[in-house]
Amino acid sequence: MPELPEVETVRRALLSKLKGRQIKEITILHNNVFQDQDVELVKKLIKNQTINDILRRGKWLEFELDDFYLLSHLRMEGKYIYRKLDDPIQKHQLVLFNIDDDFSLRYQDVRKFGKMYLVKKDDINNSPINKLGLEPWDKNLNVLYLKDKYKNKSLPIKTVLLDQEIITGIGNIYADEILFLSKINPFKKAKDLKNKDLQNIIDNTKKVLEKAIEEGGTTIRSYTSEEGVTGNNQNNLYVHQREGKECFVCKTIIKKDRIGGRGTYYCKKCQK
DNA sequence: CAGGTCTCCTGCTAGC
DNA sequence: TGCTAGCAGGAGACCT
């Protein structure tokens, strides 16, 4: 499941192949990808737009075109692959981009959870990314900011870390890792955290995500940044997906519980 | 406003 | 061996 480090890895890979290239046309095989947008209009507007840059906000990719941003969220299983123009369309390939009449960039998504959104550059502040909270490296992310955001949150910190409107980019894997390194029990209410805990969350969020980016992301289930390219960060996980195994720090058996409907892994002894 | 539940979607796996 | 029920989960809709 792509979180910030995986999306960042995909962004870099896409940018190296697509920067300066032109989208001759697109084929949309599954209308729901564009949610409530008029797909005929999207097809018309995107024709002959050049990909000038590819940016990232949280878990969203932003293709910067001439007049628009094409926003793309991979959700659980979304990925981009390259094919020859005449390559047969495979199941799960939902959007096809003809790039310079040279090759076909294909958005593939087994579960069809991923979303795209074509927005005029001027309207970017009126798009899904407008609501996103701070990037982990934003200088405004500090104890005071979190204290304010968490003050009315009675939900478990695990759930609140997944709230994209506070810190953006953290998903289920890295939330578990951040809480382990911060020695915080995932059930603890966000509003009960001490300043020291908040500072630890900030520091460890950056640390965990930076390490994961360095490793090209975490490959659990089906994540690949490019076809045949998998990340290595799964080898660095302290608790996530390690149910029944020993904690690397204290040898206590790692426990798995459900918090807010999400599988949550933690060490009962290290995380108080 | 806060928070709980449902929904989307399909491949995989545990269990019979 | 082959079938099926249940699980996985990011984020938005909808309800209390």
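Here is the naming used below: chain letters follow the sequence lines, and residue numbers restart at 1 for every chain.
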Original post:
Quick one: are M76(A) and F113(A) in side-chain contact, heavy atoms under 4.5 Å?
Top reply: yes
Original post:
Tell me: NE2 of H73(A) to C1' of dG12(C), nearest whole Å?
Top reply: 11 Å
Subject >> Whole-Å gap separating C1' (dT13(B)) and CD (E243(A)) >> reply: 15 Å
Subject >> Contacts of type salt bridge (charged side-chain N to carboxylate O under 4.0 Å, His left out), residue R12(A), not counting sequence neighbours >> reply: E8(A)
**OP:** Please determine if a side-chain N or O atom of K59(A) lies less than 4.0 Å away from the OP1 or OP2 oxygen of dA11(C).
**Re:** yes
Original post:
CZ of R57(A) versus C1' of dG10(C): gap in Å, rounded?
Top reply: 17 Å
Original post:
Are H92(A) and dG11(B) close enough that a side-chain N or O sits under 4.0 Å from OP1 or OP2?
Top reply: yes
**OP:** Grab the CE-P distance between M76(A) and dC7(C) for me, whole Å please.
**Re:** 16 Å
Could you go through residues 132-140 of chain A and list every donor-acceptor pair under 3.5 Å that involves a side-chain atom there, pairing it with any protein atom two or more places apart or in another chain?
residue: E135(A); atom: OE1; partner: R56(A); partner atom: NH1; Å: 3.0
residue: E135(A); atom: OE1; partner: R56(A); partner atom: NH2; Å: 3.2
residue: E135(A); atom: OE2; partner: R57(A); partner atom: NH1; Å: 3.0
residue: E135(A); atom: OE2; partner: G58(A); partner atom: N; Å: 2.6
residue: W137(A); atom: NE1; partner: E210(A); partner atom: OE2; Å: 2.6
residue: D138(A); atom: OD1; partner: N140(A); partner atom: N; Å: 2.7
residue: D138(A); atom: OD1; partner: N140(A); partner atom: ND2; Å: 3.3

Subject >> Those residues that, when tested against N200(A), pass side chain to side chain contact (heavy atoms under 4.5 Å, CB included) (two or more places apart) >> reply: S182(A), K196(A), N204(A)
**OP:** Any chance you could encode DNA chain C as dot-bracket? Rule is Watson-Crick or G-U wobble with both distances under 3.5 Å; [ ] for pairs crossing earlier ones, | for another strand.
**Re:** .|||||||||||||||
Original post:
Does a side-chain N or O from Q164(A) land closer than 4.0 Å to OP1 or OP2 of dG10(C), or not?
Top reply: no
Original post:
What is the distance, rounded to the nearest whole Å, between atom NZ of K91(A) and atom P of dC9(B)?
Top reply: 14 Å
Original post:
When all nucleic acid strands are considered with a 4.0 Å heavy-atom cut-off, which category describes K191(A): base, sugar-phosphate, or nothing?
Top reply: nothing
**OP:** Rounded to the nearest angstrom, tell me the gap between atom NZ in K115(A) and atom C1' in dA11(C).
**Re:** 10 Å
Subject >> Residue pair F63(A) / S72(A), side-chain heavy-atom distance below 4.5 Å >> reply: yes
Original post:
Over how many whole Å does the gap from K158(A) atom NZ to dG9(C) atom C1' extend?
Top reply: 11 Å
Original post:
Y82(A) ring centre to K17(A) NZ or CZ under 6.0 Å, with the angle to the axis within 45°?
Top reply: yes
Subject >> Under 4.5 Å side-chain linkage, directly or through intermediates, the cluster mates of F187(A) >> reply: I259(A), Y266(A)
Original post:
NA contact type, K189(A), heavy-atom cut-off 4.0 Å: base, sugar-phosphate, or nothing?
Top reply: nothing
**OP:** Using distance alone, with no hydrogens and no angle criterion, decide if T264(A) and R262(A) have a side-chain donor and acceptor under 3.5 Å apart.
**Re:** no
Original post:
Just by distance, with hydrogens left out, do K189(A) and S154(A) show a side-chain donor and acceptor under 3.5 Å apart?
Top reply: no
Subject >> L162(A) CG - dG9(C) C1' separation (whole Å) >> reply: 10 Å
**OP:** Would you mind classifying the nucleic acid contact of G260(A) as base, sugar-phosphate or nothing, using non-hydrogen atoms under 4.0 angstrom?
**Re:** nothing
**OP:** Produce a footprint string for nucleotides 2-8 of chain B: one letter per nucleotide, 5' end first; B if the base is under 4.0 Å from any protein heavy atom, S if only the sugar-phosphate is, - if neither.
**Re:** SSS---B
